[in-house]
Amino acid sequence: MGISVTLSRTADASTSAVGIPIASDGPLSSDLRLSRKDLSALGFEAKSGQTLVLPSTAGSKQVRILVGIGDVKSVTPSTLRSAAASLARAASGHASLSTALVSAGRGDKKANAQAVVEGLLLATHRYVNLKNDKSSKSKLSNVVLVATDSARATIEAGVARGHATAEAVCRARDFANTPPGHLTARMFADQAVDIAKASGLRVQVYNRDQLEAMGCGGMIGVNKGSVEPPRMVKLTYTPRNAKGKVVLVGKGVMYDSGGISLKPSDPSHAAMKMDMSGAAAVLCAMASLRDLKVRTSVVGYLMCTDNMPSGSALRMGDVITMRNGKTVEIHNTDAEGRLILADGLSLAVESKPDAIVDIATLTGACMAALGKKMAGVLGNNQSWVDQVKSSSDRTDELVWQLPLHKDYRKLLDSNVADMRNIGGPLAGTITAALFLNEFVADVPWAHLDIAGPMDTDGDDGWLNRGATAFGTRLLIDVVENFRKPRK
Ligand code: BES
Ligand code: MN
Ligand code: ZN
């Protein structure tokens with residue numbers, strides 16, 4: 001990782017910049033030698049995430065960067081994550097930075113430290129692998145967290161956790177940003193094997209023939225038009241004395257051309273290299289579980305293939321048979337994500353878990369409904385969906401629940417098969433989820449539709465231009481805080 005974070009009990013004068021948290025209320029430190037009036041004359045109201053760079057004072061070489069944290073009583077880890085991100089951006093021209101930001105929050109020191117490290121690391125991440133000129137990378141390489149109180153061990157633990165979660169996100173962003181020619185299903189599976197081995201996960205890779213023998217008709221069908229073979233990767237994390245078992249299923253469409261329902265050639269479709277963001281989130285979240293000492297058993301299925309048109313591709317009207325035996329009539333080959341997830345969900349159910357989460361860049365309709373700042377969540381068990389929502393609150397990866405309205409199931413009715421793969425122009429996110437619901441039996445299940453927040457146009461808080469790896473931290477939080485849902 002780019003930034004090394006260390007702790008210090010006393011202010012560190014050796015860093016070239018110092019980040020000073022400022023609340024929007026209460027007294028200002030006399031060291032600042034500035035009044036509220038001075039600050040507001042400079043346009044600085046200490047709103048959460050606002051920054052102001054001040055020249056160093058006489059006798060000091062340190063540039064001061066004020067960072068707003070808003071009303072001191074409402075500071076949460078999310079506030080600190082965003083403040084740390086703004087601070088890292090403002091300090092990106094400095095090699096070193098010290099800050100007392102962790103102690104600016106009142107609550108849980110461990111959660112605060114974790115959030116600060118996440119903000120620093122996530123805001124400075126850049127995908128530069130394919131650039132010759134890597135100068136867009138932040139220069140910040142050394143951050144000293146100043147915490148004068150006695151909670152050093154707690155803060156250290158939070159810092160380590162922040163490193164683990166941020167590393168998971170940065171890795172997942174790198175995967176999602178990687179162009180389709182540089183990351184085929186085979187290459188992704190190979191890298192998953194390496195990552196799994198390095199992080200204590202059992203890994204099994206299934207090729208085309210194996211998937212066919214297993215009856216995974218969704219995977220085989222979607223892959224039919226492609227010259228690149230599919231891969232399904234099964235990851236298994238088994239801690240001692242596990243307190244439950246969760247299966248995560250990730251959509252891994254390496255490139256979604258739409259198949260013969262070809263997408264129009266507008267530039268936004270270059271983003272379809274990110275159609276494997278769900279699978280990347282599952283892989284990278286799982287790779288952090290051992291370091292985080294998670295006590296839940298977790299199985300992950302990465303459903304990887306691209307969706308291409310050709311003479312061998314799925315046609316409209318074709319009927320395929322899924323892993324659980326249900327038949328599906330294809331009415332739009334661009335509704336491919338649900339077909340591969342269906343096989344993953346069927347396999348998940350067979351392993352009799354306590355709960356399932358799937359994560360997928362599934363519908364443009366979800367982006368139309370909720371925009372780019374939040375994912376849709378739907379499920380068959382409210383107490384499980386509520387756990388996902390709690391994780392969303394803690395990680396600040398926003399979700400909004402949409403109804404799994406059973407009456408709309410008839411929109412999927414087919415004349416010749418058990419169902420069609422699209423439900424028509426209305427309620428596209430709900431009908432997609434109702435399709436998936438056909439494959440989860442009665443296992444508590446939550447579905448995350450991350451089509452909106454999978455990427456972002458501009459640098460914003462702890463998000464950076466390009467792939468966001470949305471859901472990676474949320475999935476980690478979900479399995480970490482897992483409780484068996486009430487049925
Ligand atoms: N991968 C897309 C969904 C998507 C769209 C993700 C935009 C991110 C940004 C998915 O496979 C898709 O094509 N969905 C179709 C479904 C439709 C054919 C029922 C869509 O949303 O148009
Ligand atoms: Mn599609
Ligand atoms: Zn897709």
In a check of side-chain contact (heavy atoms from CB on, under 4.5 Å) between [X] and each of [options], which one passes?
{"X": "L97", "options": "N142, I3, L87", "value": "L87"}
{"X": "I359", "options": "D449, V282, L474", "value": "V282"}
{"X": "T429", "options": "L378, L370, L434, L362", "value": "L378"}

Is there a side-chain contact between [X] and [Y], using heavy atoms and a 4.5 Å cut-off?
{"X": "T395", "Y": "F470", "answer": "no"}
{"X": "P239", "Y": "T296", "answer": "no"}
{"X": "V246", "Y": "I356", "answer": "no"}
{"X": "S136", "Y": "V128", "answer": "yes"}

Give, for atom [atom1] of [X] and atom [atom2] of [Y], the distance between the pair rounded to the nearest 0.5 Å.
{"X": "M276", "Y": "F188", "atom1": "CE", "atom2": "CZ", "value": "4.5 Å"}
{"X": "L145", "Y": "E156", "atom1": "CG", "atom2": "CD", "value": "10.5 Å"}
{"X": "D343", "Y": "I220", "atom1": "CG", "atom2": "CD1", "value": "8.5 Å"}
{"X": "Y127", "Y": "D174", "atom1": "OH", "atom2": "CG", "value": "7.0 Å"}
{"X": "Y408", "Y": "I430", "atom1": "OH", "atom2": "CD1", "value": "6.0 Å"}
{"X": "S277", "Y": "M454", "atom1": "OG", "atom2": "CE", "value": "6.0 Å"}

Atom [atom1] of residue position [X] - does it have more than 12 heavy atoms of other residues, nucleotides or ligands inside 6.0 Å?
{"X": "K137", "atom1": "NZ", "answer": "no"}
{"X": "K373", "atom1": "NZ", "answer": "no"}
{"X": "K110", "atom1": "NZ", "answer": "no"}
{"X": "K293", "atom1": "NZ", "answer": "no"}
{"X": "K487", "atom1": "NZ", "answer": "yes"}

Less than 4.0 angstrom from a charged side-chain N to a carboxylate O is my criterion; do [X] and [Y] meet it?
{"X": "D459", "Y": "R126", "value": "yes"}
{"X": "K372", "Y": "D455", "value": "yes"}
{"X": "R338", "Y": "D358", "value": "no"}
{"X": "D275", "Y": "K251", "value": "yes"}
{"X": "R161", "Y": "E480", "value": "yes"}

Apply side chain to side chain donor-acceptor pair (under 3.5 Å) to E397 and S392, showing your working. CA-CA 5 Å; E397 295 192 298; S392 158; over 6 Å; no
Given side chain to side chain donor-acceptor pair (under 3.5 Å), test S261 with T333 step by step and report yes or no. CA-CA 5 Å; S261 312; T333 62; 3.0 Å; yes
Centroid separation under 6.0 Å, is that true for the rings of F482 and W384? yes
With under 30° as parallel and over 60° as perpendicular, where do the rings of H447 and W445 fit, or are they tilted in between? parallel
Considering non-hydrogen atoms only, spot the tightest contact between [X] and [Y] and give its length.
{"X": "A46", "Y": "Q50", "value": "N-OE1, 3.1 Å"}
{"X": "N421", "Y": "H331", "value": "OD1-N, 2.7 Å"}
{"X": "A192", "Y": "V233", "value": "CB-CG1, 4.1 Å"}
{"X": "A83", "Y": "V67", "value": "O-CG2, 3.5 Å"}
{"X": "R173", "Y": "W462", "value": "NH2-O, 2.9 Å"}
{"X": "L101", "Y": "P21", "value": "CD1-CB, 3.7 Å"}

Show your working on side chain to side chain contact (heavy atoms under 4.5 Å, CB included) between N307 and Y255 and close with a plain yes or no. CA-CA 6 Å; N307 182 27; Y255 179 70; over 6 Å; no
Salt bridge (charged side-chain N to carboxylate O under 4.0 Å, His left out) between R394 and D477, worked out: CA-CA 8 Å; R394 284 189 290 269; D477 192 281; 2.8 Å; yes
